[in-house]
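Given the structure is predicted, the values throughout are model-derived calculations rather than measurements.
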Amino acid sequence: MTDVLPPRAAGPIIRTPADAAAAGDPIFQPLHFRNLTVKNRIFRSNISGIFDNQDGSLTQTRINWESKFAKGGVGAIISSYVPVLMEGRIIAGYATVHRDEFIPLWAKLGEAIHSFDAKYIMQLSHSGRQMDLPGVHNQMRPSLTSTSNRETLHGFLCRAMTKGDIEHTIEAFAAGAWRAREAGLDGVELHAANGYLFTQFLSSGINDRTDEYGGALQNRARFLLDVISAIRSRVGRDFHLQVKLSAIDRNNVIPWEKKGNTLADTVQVAKWVEAAGADAIHVSSGSLFPHPLNPPGDLPIDILAVTYDAMISSGVYGFRNFLLFRYPLLRPIFHWIWFRMKKGHPIEGVSLEEARAIKAAVNVPVLCTGGFQTASFVRDAISEGVVDGVSIARSLMANKDLVQQWAAGADLPERPCTYCNKCLANAPKNPMGCYEEARFPSREAMIDEIMSVYKPRPDMRIPLAGEL
């Protein structure tokens, strides 16, 4: 693993985002999609915690969480993973969009984000076999996916989808996009990266089907393209739709697995996605999540030794992994498997060169995620035409006002993200937030910041008899 790229020469000292835009700073220039304009080039990437209700309805905590990044100056929020079906959740406690009754709740969230002059893009998702914490709805039920082969890292059980299952899921994505539009949100993103259902169809290392949804690349891409077509039929061409793709699968995290899709494969898929009606491509990496290259940085095995037990019952390899984390003598085994793939790759901009290749092949805007934190680095990537914008999660979680710090002339924030990934390792058990104590004056201050999104609900009321 290489260190984060060093800061480059900072641009002119600027005081506000408006000043930055007037000075021609590419970070603060509007980004124009076909039917959507975002005020700057910074997107909050999809990240969240177990903030919502078991039935999939969202909460005030979710609104508070998303709003703090909008207030911090990002141009748009890409929601965390939003399942279109209850059987497509990765974790119970994440908001879904599988019911019409949830439209007013999402509308309230959109209203909150818009009050900070930011856009809100809902990420429509389905776990397939990558279901970390199934919850009561999905406990003991094999997940539906492209294959009947269990997931390789955790051993999540699954079953290959029938044609009827595929048709039902396609319709669910179209309905989810319609609900997002009805809620007044600004667009949707299909999560076709990082090992979730679309990846499980796209990847040559995972998809072993012999019907029209398997085999050649065009067949493996059929499910994604069918979903795009269904969404366009349901909501028309005027509603923003973007697709997140893993540029390279690198599916051989477990050494004996197939590598999966190459960059050339994904370039072709990106062309098909654009032709099918996508308004932008969002570039990531990896055929599972987490993946050694996404999110880039460290993996705190000592924290996983405390939190991973929450996942033991989710997959047949859960107990094996827990032992590798729990006992120091066994940790080098996992460390070698995980960190061997990081050699030679940067942390900041880990997928930037792949994004360059995809942008050269399509005509729609291209976004890229992967450890961005240095203003000059992002500025150069945009100025040189490598990407049109970047998405950021952990660095914004560490500094929710990162965009404002950049506008004020900082190249790096005063207390930068350390890429420790303690946020990720805590996620199975604890609230999402920055857990790098060295960044805070005290542990109490760290916990106060993590808990800041949990505010009292002002609309608590006595339930009506018919609701019980």
Side-chain angles (χ1 to χ4, degrees), residues 16-18 21 27-28 30-33 35-49 51-53 56-84 94-97 102-125 176-191 235 238-242 244 279-280 282 365 367 369 389-397 399-404 406-407 432-433 452-455 457-459:
T16 70
I27 292 174
F28 294 94
L31 179 52
H32 301 286
F33 300 95
N35 289 305
L36 177 67
T37 297
V38 175
K39 68 181 178 182
N40 60 43
R41 304 304 179 95
I42 309 303
F43 293 66
R44 204 293 311 278
S45 191
N46 50 299
I47 191 170
S48 188
F51 291 147
D52 302 300
N53 295 316
S57 58
L58 60 90
T59 64
Q60 183 66 44
T61 301
R62 162 80 59 171
I63 295 175
N64 295 344
W65 168 262
E66 305 284 42
S67 294
K68 75 174 184 175
F69 300 104
K71 180 182 178 182
V74 299
I77 301 283
I78 301 173
S79 79
S80 68
Y81 179 108
V82 179
V84 296
Y94 270 36
T96 71
V97 68
F102 294 169
I103 292 173
L105 301 176
W106 286 107
K108 183 63 67 175
L109 174 53
E111 181 183 344
I113 301 306
H114 293 158
S115 73
F116 296 103
D117 189 29
K119 305 297 185 183
Y120 195 81
I121 298 171
M122 177 186 285
Q123 188 184 75
L124 301 178
S125 310
W178 177 82
R179 293 181 185 114
R181 190 193 67 177
E182 292 300 294
L185 306 183
D186 301 292
V188 294
E189 175 176 278
L190 298 181
H191 197 349
V235 303
D238 295 334
F239 190 55
H240 179 78
L241 166 63
Q242 63 188 47
K244 188 173 187 178
D279 298 313
H282 185 186
L367 310 175
T369 191
V390 301
S391 69
I392 303 171
R394 293 167 303 156
S395 297
L396 282 169
M397 191 156 51
N399 291 282
K400 59 189 176 184
D401 62 344
L402 175 64
V403 177
Q404 294 170 342
W406 284 351
M432 181 58 72
S452 64
V453 296
Y454 294 91
K455 300 292 184 181
R457 280 65 168 172
D459 58 347

Any sub-3.5 Å donor-acceptor pair from [X]'s side-chain atoms to [Y]'s backbone N or O?
{"X": "Trp406", "Y": "Phe28", "answer": "no"}
{"X": "Asp52", "Y": "Tyr94", "answer": "no"}
{"X": "Ser115", "Y": "Ala112", "answer": "yes"}
{"X": "Lys71", "Y": "Phe116", "answer": "no"}
{"X": "Arg181", "Y": "Val235", "answer": "yes"}
{"X": "Ser79", "Y": "Gln123", "answer": "yes"}
{"X": "Thr61", "Y": "Phe51", "answer": "no"}
{"X": "Asn40", "Y": "Gly73", "answer": "yes"}

Are the side chains of [Y] and [X] in contact, using a 4.5 Å heavy-atom criterion?
{"X": "Trp65", "Y": "Met397", "result": "yes"}
{"X": "Trp106", "Y": "Arg179", "result": "no"}
{"X": "Phe43", "Y": "Val390", "result": "no"}
{"X": "Glu66", "Y": "Ile113", "result": "yes"}
{"X": "Phe239", "Y": "Asn35", "result": "no"}
{"X": "Val38", "Y": "Asp186", "result": "no"}
{"X": "Leu58", "Y": "Ile63", "result": "yes"}
{"X": "Ser67", "Y": "Asn64", "result": "no"}

Nearest 0.5 Å, what's the [atom1]-[atom2] distance between [X] and [Y]?
{"X": "His191", "Y": "Met122", "atom1": "NE2", "atom2": "CE", "answer": "14.5 Å"}
{"X": "Leu124", "Y": "Thr96", "atom1": "CG", "atom2": "OG1", "answer": "11.0 Å"}
{"X": "Ile77", "Y": "Asn46", "atom1": "CD1", "atom2": "CG", "answer": "11.0 Å"}
{"X": "Phe69", "Y": "Asp401", "atom1": "CZ", "atom2": "CG", "answer": "11.0 Å"}
{"X": "Ile392", "Y": "Thr369", "atom1": "CD1", "atom2": "OG1", "answer": "8.0 Å"}
{"X": "Ile27", "Y": "Ile42", "atom1": "CD1", "atom2": "CD1", "answer": "5.5 Å"}

Exercise: identify the closest heavy-atom pair between [X] and [Y]:
{"X": "Lys244", "Y": "Ser45", "answer": "NZ-OG, 3.9 Å"}
{"X": "Asp279", "Y": "Pro365", "answer": "O-CD, 3.4 Å"}
{"X": "Phe33", "Y": "Ala280", "answer": "CE2-CB, 3.5 Å"}
{"X": "Gly72", "Y": "Val403", "answer": "O-CB, 3.9 Å"}

Short side-chain donor-acceptor distance under 3.5 Å, [Y] and [X]:
{"X": "Ser391", "Y": "His282", "answer": "yes"}
{"X": "Arg62", "Y": "Ser80", "answer": "yes"}
{"X": "His240", "Y": "Gln242", "answer": "yes"}

Problem set entry | Qualifying residues under side-chain contact (heavy atoms from CB on, under 4.5 Å), relative to Glu111, sequence neighbours excluded |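 In terms of side-chain contact (heavy atoms from CB on, under 4.5 Å), with neighbours along the sequence ignored, Glu111 is linked to Lys108.
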Exercise. Do other residues, nucleotides or ligands put more than 12 heavy atoms under 6.0 Å from Lys68 NZ?
Worked result: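 Buried by this count: over 12 neighbours within 6.0 Å.
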